[in-house]
Amino acid sequence: MKTGFRNLFFNRWSAFAHDLLWVPLCLFASYWFRFNLGKIPPEFLNACFILMGMSLPIFWITFRFFGLYRGIWRFASIKDLSRIVKSVALGTLILSLFSAVFFRLEGVPRSVFFLFPLLLTLGLTVPRFFYRGIKDHSLKPRKKEGQRTLIVGAGRSGVLLLRDLIHRQEYLPVAFADDDPKKHKREISGVRVHGGIAKIPKIVRRLDIDLVVLAIPSADKETVQKIVAECAACGVKFRTIPTPGELSGKNPGADQIRPVTLRDLLGREAVNLDTRSISASIRGKTVLVTGGGGSIGSELCRQVAGQKPNRLIIFDSSEFNLYRIEHELVKEYPEVPIEAVLGNITDRDRISWLFEHHRPEVVFHAAAYKHVPMLEHNPAEGVLNNIFGTKIVADAADRFTTERFVLVSTDKAVNPTSLMGATKRVGELYCQNLSSRSRTSFITTRFGNVLRSAGSVVPLFEKQIKEGGPVTVTHRAIRRYFMTITEAAGLILQAAAMNGGGKIYVLDMGEPVLIKDLAEKMIRLFGKEPGRDIQIAYIGLRPGEKLQEEMFHEKEKLRGTNHPKLLLATSRDFSSDWLEEQLNILWKATRRRDITDIIRQLHILVPEYEGLNPTLQKNEPDLRMGRVISAEFTGKTQKTEISQ
């Protein structure tokens with residue numbers, strides 16, 4: 001460290017001495033040129049020496065004022081040239097004014113003030129760029145060590161990346177690929193543009209490429225998918241530089257090179273959040289996140305902590321998950337008071353203590369059981385956690401007058417075919433209904449699958465690919481909506497910042513993705529070819545699964561909000577007394593673990609629920625008819641009107 005500082009100090013003062021030396025030399029040269037490279041008359045020579053004495057302190061100030069020594073000669077650029085021109089122009093102006101004031105320009109030919117700045121600019125600029133040229137030439141990609149690298153994209157980002165790579169021992173840039181025909185067969189710092197993206201396999205084989213790097217930050221998903229497929233086909237490693245949002249104004253370089261992610265292949269656009277309104281809704285407040293150790297909950301905790309709340313309470317039933325997120329946040333946000341509370345949302349006494357002791361002003365309820373096939377086989381536990389756990393937390397928020405309660409829901413709650421979806425839908429209904437009679441604002445957010453969340457297909461596919469396959473897909477036509485964990489949590493916070501309770505905010509998930517296509521893309525991410533290196537096996541839909549999820553019910557009219565990625569779904573009104581009565585019946589069935597009664601009651605609460613449990617017999621009532629429910633008992637038909 002000390003040696004590096006000493007070298008930097010020495011290099012800056014060496015450059016400073018070099019620049020000041022040019023000032024008298026250029027003044028003398030301008031006089032010499034004025035007199036046709038002949039002898040300078042004595043009276044003019046005296047004036048020249050006086051100007052030299054005056055110019056040194058003047059240019060010492062202007063050089064430092066314009067920051068000529070912020071840049072490094074090794075990386076001299078147009079910005080450095082701009083600084084030189086400004087400092088020389090200002091210094092020359094001051095020098096001419098001083099000479100006019102002190103000796104009325106006697107002995108100073110007018111041509112000197114034209115020749116001098118021109119010569120000084122050249123004197124300061126040429127050595128810098130000459131030095132850079134020598135360094136670039138000596139470090140041109142001629143060394144044999146390092147990965148032979150093909151850079152895709154010969155634009156600004158590609159050129160900046162090349163300049164960094166040629167100084168790294170681990171990389172050996174040997175070629176560019178770019179679809180712009182004007183760049184073909186051109187050279188950039190000695191590296192040739194060999195053709196377009198379609199020629200990548202040919203370039204890889206001919207030049208023995210080890211690594212392909214995509215240097216187009218704004219590349220669309222089709223371009224990324226095409227390059228990944230080409231690289232997988234010829235068995236070469238593929239990397240990319242970050243998106244413009246990830247770069248945050250930084251120049252792309254070797255340190256930013258990263259693997260291609262599923263997000264790159266899916267091509268999800270970056271979501272712009274209204275950070276001012278989000279900050280206003282959280283800053284200085286006590287915030288509770290239930291399920292804070294889970295995938296969605298932990299990301300909510302990270303983003304909430306970044307908004308400087310008065311206190312963040314993380315509630316979770318998993319000791320390990322709770323410890324992990326608490327340890328991370330205490331280290332990352334030491335200024336934020338963080339409380340890790342262990343407990344279960346179905347424990348009424350624990351929840352009451354939590355609210356009474358901490359008095360949260362904002363609650364994000366992310367705790368839920370969400371594994372669809374698992375809950376099909378454990379319906380009582382799903383109902384107990386997802387419905388009555390939500391009810392317990394929501395009732396506590398109402399009782400202790402919490403400002404805002406945000407329920408994290410799912411697209412599986414729309415026309416549910418699974419028990420998990422039905423339980424989440426009942427949770428939505430309860431929170432909407434409670435909002436109409438509470439001082440607490442109850443908000444519901446609904447979105448689809450989250451990449452790399454617990455239960456996501458992505459970790460499963462990765463494991464299967466690493467084991468050599470096959471990758472198991474339930475159906476060729478199955479589609480799902482996807483978004484990143486960061487994106488989902490950000491939009492949940494955005495919805496929480498909006499006014500009005502009893503509303504369902506639907507996150508715009510974009511276009512649904514074929515899971516078959518997702519599996520193929522992931523296989524290519526691992527440098528394999530689907531069907532050749534890794535097989536895809538179709539195993540059939542699991543209990544409770546749909547071919548395609550829906551984001552809103554047909555009776556929910558969607559309308560826009562002031563955020564383009566958030567839509568508002570209208571809620572359905574029904575009697576609070578009826579809802580409480582039906583929930584009491586469901587509670588008793590759940591306590592008895594009576595699966596038949598649980599399923600029957602879920603059909604009453606959610607008429608559009610299409611799931612059927614195999615324990616129901618043929619003579620059991622079909623409760624999926626909406627307002628009129630028909631049931632056959634011992635040959636008789638009974639009709640029951642449900643008031644909603």
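We use all heavy atoms of the structure for the numbers below, so side chains are in, but hydrogens, waters and symmetry mates are not.
Atoms CG and OG, on L322 and S298 in that order, are 11.5 Å from each other to the nearest 0.5 Å. Residue L25 holds its CG atom at 10.0 Å from CG of L120, rounded to the nearest 0.5 Å. Taken from OH in Y333 to CG in L312, the straight-line distance is 10.5 Å, to the nearest 0.5 Å. Here the CZ atom belonging to F116 is positioned 14.0 Å from the CZ atom belonging to F28, to the nearest 0.5 angstrom. Expressed to the nearest 0.5 Å, how far CG of L329 lies from CD1 of I325 amounts to 4.0 Å. Annotation: the span from I539 atom CD1 to H475 atom NE2 amounts to 12.0 Å, rounded to 0.5 Å.
No hydrogens or angles considered: a donor-acceptor pair under 3.5 Å links the side chains of E299 and Q303.
The residue from L90, T92, I94, L124 that alone fulfils the side chain to side chain contact (heavy atoms under 4.5 Å, CB included) condition with F59 is T92. For the side chain to side chain contact (heavy atoms under 4.5 Å, CB included) test with H194, the passing option among K202, K199, R206 is R206; the others fail. Residue Q147 forms a side chain to side chain contact (heavy atoms under 4.5 Å, CB included) with just one option from L211, V174, I209, V213, and that option is L211.
Counting heavy atoms of neighbouring residues, nucleotides and ligands inside a 6.0 Å radius, atom OH of Y538 exceeds 12 of them. Other residues, nucleotides and ligands contribute at most 12 non-hydrogen atoms within 6.0 Å of the CD atom of E319.
Although no hydrogens or angles enter the test, the distance criterion places no donor-acceptor pair under 3.5 Å between the side chain of Q307 and the main chain of I278. A donor-acceptor pair under 3.5 Å is formed between the side chain of S87 and the backbone N or O of I84.
When side chains are defined from C-beta on, F63 counts as touching L20, because their heavy atoms get closer than 4.5 Å. With a 4.5 Å cut-off on side-chain heavy atoms, V152 and V212 count as touching. Proximity of M52 to L56: side-chain heavy atoms (C-beta onward) are nowhere separated by under 4.5 Å. Annotation: side chain of E326 is not in contact with side chain of C301 (no heavy-atom distance under 4.5 Å). L207 places none of its side-chain heavy atoms less than 4.5 Å from the side chain of L150. Put simply, the side chain of V224 does not reach to within 4.5 Å of the side chain of T240, judged on heavy atoms. The shortest distance between side-chain heavy atoms of V473 and F461 falls below 4.5 Å. Two residues are said to be in side-chain contact when any heavy atoms from C-beta on lie closer than 4.5 Å; I523 and D533 fail this criterion.
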Going through the checks in order, is the side chain to side chain contact (heavy atoms under 4.5 Å, CB included) test met by D210 and K237?
CA-CA 7 Å; D210 301 311; K237 287 190 296 183; 5.6 Å; no

Yes or no on side chain to side chain contact (heavy atoms under 4.5 Å, CB included) for I492 and I296, after CA distance, side-chain angles and deciding distance?
CA-CA 10 Å; I492 292 170; I296 298 294; 4.1 Å; yes

Start with the C-alpha distance between W22 and L119, add both sets of side-chain angles, then the distance that settles side chain to side chain contact (heavy atoms under 4.5 Å, CB included), and finish with yes or no.
CA-CA 9 Å; W22 272 108; L119 293 174; over 6 Å; no

For L165 and I257: C-alpha separation, side-chain torsions, deciding distance, then whether side chain to side chain contact (heavy atoms under 4.5 Å, CB included) applies.
CA-CA 10 Å; L165 293 188; I257 293 176; 4.0 Å; yes

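Across I241 and S157, no two heavy atoms sit closer than the pair CD1-CB, 4.0 Å. Between G153 and I216, the shortest heavy-atom distance links the atoms CA-CG1, 3.9 Å. Here the closest heavy-atom approach between residue V336 and residue A305 is recorded as CG2-O, 3.6 Å. Listed here is the closest heavy atom pair of L27 and S55: CD1-OG, 3.6 Å. Residues D178 and G155 approach most closely at OD2-N, 4.0 Å, considering heavy atoms. Scanning all heavy atoms of the two residues, the minimum distance from I314 to G293 falls at CG2-N, 4.4 Å.
Ion pairing between a basic and an acidic side chain is recognised when a charged N comes within 4.0 Å of a carboxylate O; R302 and E332 show no such pairing.
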